[in-house]
Amino acid sequence: MAVPPLFSPIPPAIHPRHAEIDVETAAWAETYEIGSVALRRRLVQHEIGVFAARVLPHGREEVAQLISDFVLWLFGVDDGHCEEGDLGQRPGDLAGALHSLLRVAQQPQAPLLLDDPLARGLRDLRARIDEFGTASQAARWVACLREYAFSVVWEASHRSAGTVPSLTDYTLMRLYDGATTVVFPLLEMGHGYELQPHERDDRMVQAAEEMASFVITWDNDLFSDHKERRSGGGYYLNVLRVLEAEGLSPEEAMTRAIAQRDRVLTLFVRLTDHLSATGSPQMRQYVAGLRSFVRGSQDWGIRSVRYTTPGDPAGLPTVFSDTATDDSPEPLGIDAVSWWWDVVPAGSSSAKRSATRPARREGLIGAR
């Protein structure tokens with residue numbers, strides 16, 4: 001089923017060194033032998049460096065490179081262990097494997113998994129995290145990596161049982177198993193600053209981060225549905241399948257999922273407008289980074305062969321729309337995230353205006 005042009009009020013951007021970043025990530029994957037040979041050959045075709053360049057379009061090239069290499073490493077874990085590997089059907093064993101990798105991330109000097117390619121790659125990533133970030137940013141990165149590991153084990157439990165979680169449970173799991181939170185500390189490192197604790201712990205900032213994760217992962221579910229349904233593995237899990245399990249037809253599920261992400265994206269723009277207007281210069285930079293992460297994921301998602309699957313075209317959009325299908329200010333009715341609407345200040349109409357302008361068909365910056 002084709003995905004229609006999606007609402008995106010955030011302007012696109014890309015780091016000028018995107019091609020070089022992509023080439024370096026392919027070399028990094030070979031150096032550390034991430035994944036099987038077959039998996040590695042696929043991953044280096046996905047233009048992960050271009051993704052990182054869209055996430056950090058104006059930041060330090062070294063950190064954009066770090067994001068690119070890290071995302072490829074995450075795909076090595078997610079594709080190699082969880083989606084395609086035997087561990088993805090054995091949540092207990094997967095938990096043990098990920099726990100050892102987490103120890104490497106936390107204490108890279110520990111003599112664990114010394115011959116394991118993922119562990120060796122992770123040690124290199126941690127060394128670069130320490131080079132470009134503060135001690136607290138590195139600690140937050142490890143903590144977010146732990147959240148990711150916990151959530152993919154949770155997903156593996158459903159995969160092994162062949163079950164589909166409720167929408168509320170899926171939403172909570174998806175905030176973390178998409179590995180979006182692990183990138184957040186790198187957004188700060190990319191511009192050489194750190195949010196102050198009172199800003200970092202502010203509920204509005206936490207809501208903005210979760211909204212960004214929601215939109216990014218809902219979009220990913222839409223973009224990857226075609227690939228997952230035809231993967232041959234039998235079991236797949238995304239928001240469309242969750243909604244279908246709750247009684248919606250495939251067409252109704254697509255419409256509902258798009259409306260959900262549109263409503264959250266409208267709220268996200270409204271909240272980040274407020275944070276940018278009232279926060280410190282570091283806060284303005286951070287919310288700009290969250291926006292770039294959202295838009296960069298969208299631009300990459302509709303172009304990468306990971307999702308377009310040229311041999312069996314996925315029917316993805318090539319443009320975005322200025323018009324939201326749902327810009328209601330009411331909560332979605334998903335208990336896990338209903339608190340977002342409680343912390344967004346009333347009175348901002350910027351998102352409403354951007355969501356109701358006439359549709360504009362928009363190409364992509366950096367298209368080749």
Side-chain angles (χ1 to χ4, degrees), residues 21-56 61-85 87-88 94 97-108 110 112-133 137-138 140-153 155-156 176-187 189-190 216-217 220 293 296-297 300 304 306:
I21 293 168
D22 196 52
V23 169
E24 287 299 319
T25 288
W28 185 85
E30 289 296 331
T31 297
Y32 289 95
E33 299 179 314
I34 303 300
S36 67
V37 173
L39 174 59
R40 195 157 63 246
R41 286 174 179 169
R42 291 203 309 272
L43 291 178
V44 299
Q45 295 175 359
H46 294 169
E47 294 192 318
I48 295 171
V50 175
F51 168 69
R54 292 188 182 280
V55 170
L56 197 71
E61 180 182 347
E62 299 93 338
V63 178
Q65 188 69 63
L66 171 58
I67 294 173
S68 181
D69 297 349
F70 179 41
V71 171
L72 185 137
W73 183 90
L74 286 166
F75 281 140
V77 173
D78 196 56
D79 290 0
H81 278 350
C82 303
E83 298 289 341
E84 301 174 13
L87 288 177
L94 177 61
L98 294 178
H99 188 68
S100 295
L101 286 172
L102 283 168
R103 188 57 175 173
V104 170
Q106 184 183 43
Q107 300 292 342
L112 295 173
L113 305 177
L114 297 180
D115 296 324
D116 183 87
L118 286 173
R120 290 191 295 108
L122 187 57
R123 284 188 169 90
D124 175 73
L125 294 169
R126 174 58 199 263
R128 292 151 71 189
I129 291 283
D130 290 339
E131 178 181 358
F132 298 113
Q137 287 171 335
R140 193 163 70 252
W141 176 75
V142 173
C144 291
L145 196 59
R146 185 176 294 108
E147 291 177 336
Y148 161 76
F150 183 80
S151 64
V152 297
V153 170
E155 183 179 9
Y176 304 105
D177 79 342
T180 51
T181 62
V182 196
V183 175
F184 292 156
L186 305 183
L187 300 179
M189 296 178 201
I216 290 167
T217 54
N220 181 260
F293 193 4
S297 299
W300 180 71
S304 174
R306 181 175 178 83

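In what follows, every heavy atom counts, from backbone to side chain, and hydrogens, waters and symmetry copies are set aside. Note that this is a predicted model, so its numbers are computed, not measured.
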Angle between ring planes, Phe293 versus Phe184, binned at 30° and 60°: parallel, tilted or perpendicular? perpendicular

Using only atom types and a distance under 3.5 Å, with no angle test, would you say the side chain of Arg126 pairs donor to acceptor with the backbone of Pro108? no

Rounded to the nearest 0.5 Å, what's the gap from CD1 on Ile48 to CG on Leu72? Could you check? 4.0 Å

Has Ser151 got a side-chain atom pairing as donor or acceptor with Tyr148's backbone, closer than 3.5 angstrom? yes

Closest non-hydrogen atom pair, Leu39 against Ser36: N-OG, 3.1 Å

Nearest heavy-atom contact between Thr181 and Tyr176 is CG2-CD2, 4.1 Å

Check whether any side-chain heavy atom of Leu56 sits under 4.5 Å from a side-chain heavy atom of Val63, and report yes or no. yes

Which one of Thr180, Ile216, Val183, Asn220 satisfies the side-chain contact (heavy atoms from CB on, under 4.5 Å) criterion with Ser297? Ile216

Measure from NZ or CZ of Arg306 to the centre of the six-membered ring of Phe75 and say whether it is under 6.0 Å with the direction within 45° of the ring axis. yes

Nearest heavy-atom contact between Ala52 and Ile67 is CB-CG2, 3.8 Å

Asp177 CG to Glu155 CD distance, which is reported to the nearest 0.5 Å: 5.0 Å

Please tell me if the side chains of Ile129 and Met189 come closer than 4.5 Å, counting only heavy atoms from C-beta onward. yes

Rounding to 0.5 Å, atoms CH2 (Trp300) and CD (Glu47) come to a distance of 9.5 Å

Which pair of heavy atoms, one from Ile21 and one from Ser68, lies closest together, and at what distance? CG2-CB, 3.8 Å

Do you know the tightest heavy-atom contact between Ser304 and His46? OG-O, 2.9 Å

Taking the side chain as everything from C-beta on, heavy atoms only, tell me whether Arg120 gets closer than 4.5 Å to Glu33. yes

Please find the pair of heavy atoms, one from Ala138 and one from Asp130, that lie closest to each other, and give the distance. CB-OD1, 3.7 Å

Distance check, rounded to the nearest 0.5 Å: Gln137 atom CD versus Leu186 atom CG? 8.5 Å

Taking Leu118's backbone N and O only, do any of them form a donor-acceptor pair with Trp73's side chain (distance below 3.5 Å, no angle check)? yes

Does Arg128 reach the side chain of Gln65, with side-chain heavy atoms less than 4.5 Å apart? yes

So, taking the atom named CG in Leu112 and the one named CG in Leu122, what distance separates them when rounded to the nearest 0.5 Å? 11.5 Å

Other residues, nucleotides, ligands: >12 heavy atoms within 6.0 Å of Phe150 CZ: no

Below 4.5 Å, heavy atoms only, C-beta onward: do Ile34 and Trp28 meet side chain to side chain? yes

Salt-bridge test for Arg40 and Glu30: reply yes if a basic N is under 4.0 Å from a carboxylate O, no otherwise. yes

Hey, are the side chains of Phe70 and Leu145 touching, using non-hydrogen atoms and a 4.5 Å cut-off? yes

When the side chains of residues 97-106 are checked against the rest of the protein, which donor-acceptor pairs come out under 3.5 Å, sequence neighbours left out?
{"residue": "Ser100", "atom": "OG", "partner": "Gly96", "partner atom": "O", "Å": "3.4"}
{"residue": "Arg103", "atom": "NH1", "partner": "Gln106", "partner atom": "OE1", "Å": "2.7"}

